[in-house]
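Counting starts at 1 for both ligands and their atoms, following the listed order. Keep in mind that this is a model prediction, so the values were computed, not measured.
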Amino acid sequence: MKIIIAGGDGFCGWPTALYFSERGHEVAIVDNCIRREWDKELGIHSLTPIATLQERLAAWKEISGKEIRLYYGDLQDYDFVRHVFEEFEPEAFVHFAEQRSAPYSMIDREHAVFTQVNNVVGTLNVLFAIKETVPDCHLIKLGTMGEYGTPNIDIEEGYIRIQHKGREDVLPYPKQPFSFYHLSKVHDSHNIMFTCKAWGIRATDLNQGVVYGLWTDETRRDERLYNRVDYDGVFGTALNRFCVQAAVGHPLTVYGKGGQTRAFLDIRDTLQCIELAALHPADRGEFRVFNQFTEQFSVLQLAERVQKVAREMGLDAHIEHLPNPRVEKEEHYYNAVHTKLLDLGLKPHYLSDELISELIQTATRYRDRVDFDVIRPKVTWR
Ligand code: NAD
């Protein structure tokens, strides 16, 4: 299949591009590497050393004999996006290329506006390019489970059957997002849903949980193929951050009570899910929604799990409850349906002590690269 991975220099996109290339698909990456600029802006860097995108692609060619094409540019630039579609004629477009940090979007007005413009305009440009150049292309769009918030009823997969005053309909599940970033994803979902109806676009919206882990079969093969690991207070996410903290002797930073429950998945399952979505495309005009995660945990449960494994490794990890910088419920009901990808054949990698131990070992190997000053959260929601 001819497939574009937009955001292919990022944490999810890079291993996804290698995974499809390894399986014989014709892959192109679209990225403007702006994530590396945000790292500079915030004075942060990946735990693991990462090669430049050009070095990564050259290394992949040398090691695998396979070529991944690069379109270097910004999804906000419509002429660029249209050119990519006209030239490559993708059968599927996997869209990871957004500003994806909730704290980054909450820094101030500029960062909120940038996040929403970058994400919403980028996705609109992709939708217009599909309509005008390759109308049969399947859009596989990364959304987030954070779009739903934490309602006091089960979270369904995209849609809910509602009875109201004696009538009944299947309607989009209500969205109660947590941040300007999560709101940008909700705006994207609405734009995509509308264009599926109006123009017959085929789209799959993947409401992904928090991704943990690092290694995939392909990224392990050479240091130049290593994936990034964010551990800082802006881009770092729960489990990976706790493992780095345990490795370097920093307290495990639980925000508030830690009863915040979220959906999670292993990065290897991100790749499987994207592959399943690509191999079973949505129909023309269909706006398909999958909840892309395998397990749910509270933040405190994850910290305790990392603490247990760290102690078995002889590390004295302790948990610190910080004042919560976010506005969110710290104790709540959470039960989200996630059967559609399992029905398509997803074989989950459930969270294991071995994976946590390997993450701690990786962080120990690169402990000299860890900057303690960027670990604690500095951005607040209030
Ligand atoms: P990332 O920041 O590591 O990668 C995003 C990539 O997109 C970067 O390489 C960046 O340079 C590129 N990009 C951003 N804006 C662009 C633009 N306008 N034009 C071209 N390229 C652009 O993020 P990630 O962790 O790989 O996340 C990828 C996607 O998955 C995001 O949309 C995110 O919302 C979603 N997601 C991620 C997680 C997670 O835990 N990482 C969880 C749920 C959903």
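With hydrogens and angles left out, the side-chain atoms of Tyr148 and Asn207 include a donor and acceptor closer than 3.5 Å. Using modelled atom types and a 3.5 Å distance limit, the side chains of Glu168 and Gln163 yield a donor-acceptor pair. At a cut-off of 3.5 Å, with distance as the only test, a side-chain donor of Gln361 or Ser357 sits close to an acceptor on the other residue.
Any N or O atom pair closer than 3.5 Å counts here, and Lys185 shares at least one such pair with ligand 1. Considering backbone and side-chain N/O of Val30, none are found under 3.5 Å from N/O of ligand 1. Of the polar atoms of Cys12, at least one N or O is found under 3.5 Å from an N or O of ligand 1, judged by distance alone. Inclusion of Thr144 in the set of residues having an N or O under 3.5 Å from an N or O of ligand 1 is not warranted. At least one N or O atom of Asn32 sits closer than 3.5 Å to an N or O atom of ligand 1. At least one N or O atom of Asp74, backbone or side chain, sits closer than 3.5 Å to an N or O atom of ligand 1. For ligand 1, the polar-atom distance check against Phe235 finds no nitrogen or oxygen pair separated by under 3.5 Å. Among the atoms of Tyr181, some N or O lies under 3.5 angstrom from an N or O of ligand 1.
Of all the heavy atoms of Asn118, the ones lying under 4.0 Å from any atom of ligand 1 belong exclusively to the side chain. If you look at Ser101 next to ligand 1, there are no close heavy atoms at all, none under 4.0 Å.
Distances from atom 31 (C) of ligand 1 to the heavy atoms of Tyr104, Phe96, Phe114 show the closest one on Phe96. Nearest to atom 38 (C) of ligand 1 by heavy atom, out of Gln208, Arg228, Arg36, is Gln208. Distances from atom 14 (C) of ligand 1 to the heavy atoms of Gly209, Ala102, Ala97, Ala263 show the closest one on Ala97. Taking all heavy atoms of Asp31, Val210, Thr270, Val81 into account, the minimum distance to atom 10 (C) of ligand 1 is reached by Asp31. Closest to atom 33 (C) of ligand 1 by heavy atom, among Gln76, Glu147, Arg100, is Arg100.
A parallel orientation is assigned to the rings of Phe85 and Phe93, their planes being inclined by less than 30° (bins at 30° and 60°). Using the six-membered ring where Trp is involved, Phe372 and His250 have ring planes that are tilted, between 30° and 60° apart. Below 30°, between 30° and 60°, or above 60°: for Phe235 and Trp38 the angle between ring planes is below 30°, a parallel geometry.
Regarding atom 3 (O) of ligand 1, its nearest protein heavy-atom neighbour is Phe11 N, 2.8 Å. Among all protein heavy atoms, the one lying closest to atom 39 (C) of ligand 1 is Val211 CG2, 3.7 Å.
The hydrophobic cluster containing Val121 does not contain Phe80, counting ILVMFWY residues as joined when their side-chain heavy atoms lie under 4.5 angstrom apart, directly or transitively.
Residue contacts with ligand 1 leave out Gly8, since none of its heavy atoms falls under 4.0 Å from the ligand. Heavy-atom distances between Cys33 and ligand 1 reach below 4.0 Å in at least one pair. Heavy-atom distances between Ala6 and ligand 1 stay at or above 4.0 Å for every pair.
Near Gly143, meaning under 4.0 Å from one of its heavy atoms, ligand 1 places the atoms 44 (C). The distance from ligand 1 to the heavy atoms of Gly73 drops below 4.0 Å at these ligand atoms: 19 (N), 20 (C).
The aromatic ring centroids of Trp381 and Phe180 lie 6.0 Å or more from each other.
Nearest approach of Thr294 to Asp269, heavy atoms of both residues: CG2-OD2, 3.6 Å.
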Practice problem: Kindly indicate, with the supporting measurements, whether the criterion salt bridge (Lys or Arg N to Asp or Glu O under 4.0 Å) is fulfilled by Lys175 and Glu147. | Solution: CA-CA 6 Å; Lys175 304 285 178 84; Glu147 290 182 44; 2.9 Å; yes
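Relative to the six-membered ring of Phe242, Arg305 misses at least one condition, a distance below 6.0 Å or an angle of at most 45° to the axis.
Rounding to the nearest 0.5 Å gives a distance of 11.5 Å between CD of Glu218 and CD1 of Ile63. Atom CD in Glu98 sits 8.5 Å away from atom CG in Leu142 (nearest 0.5 Å).
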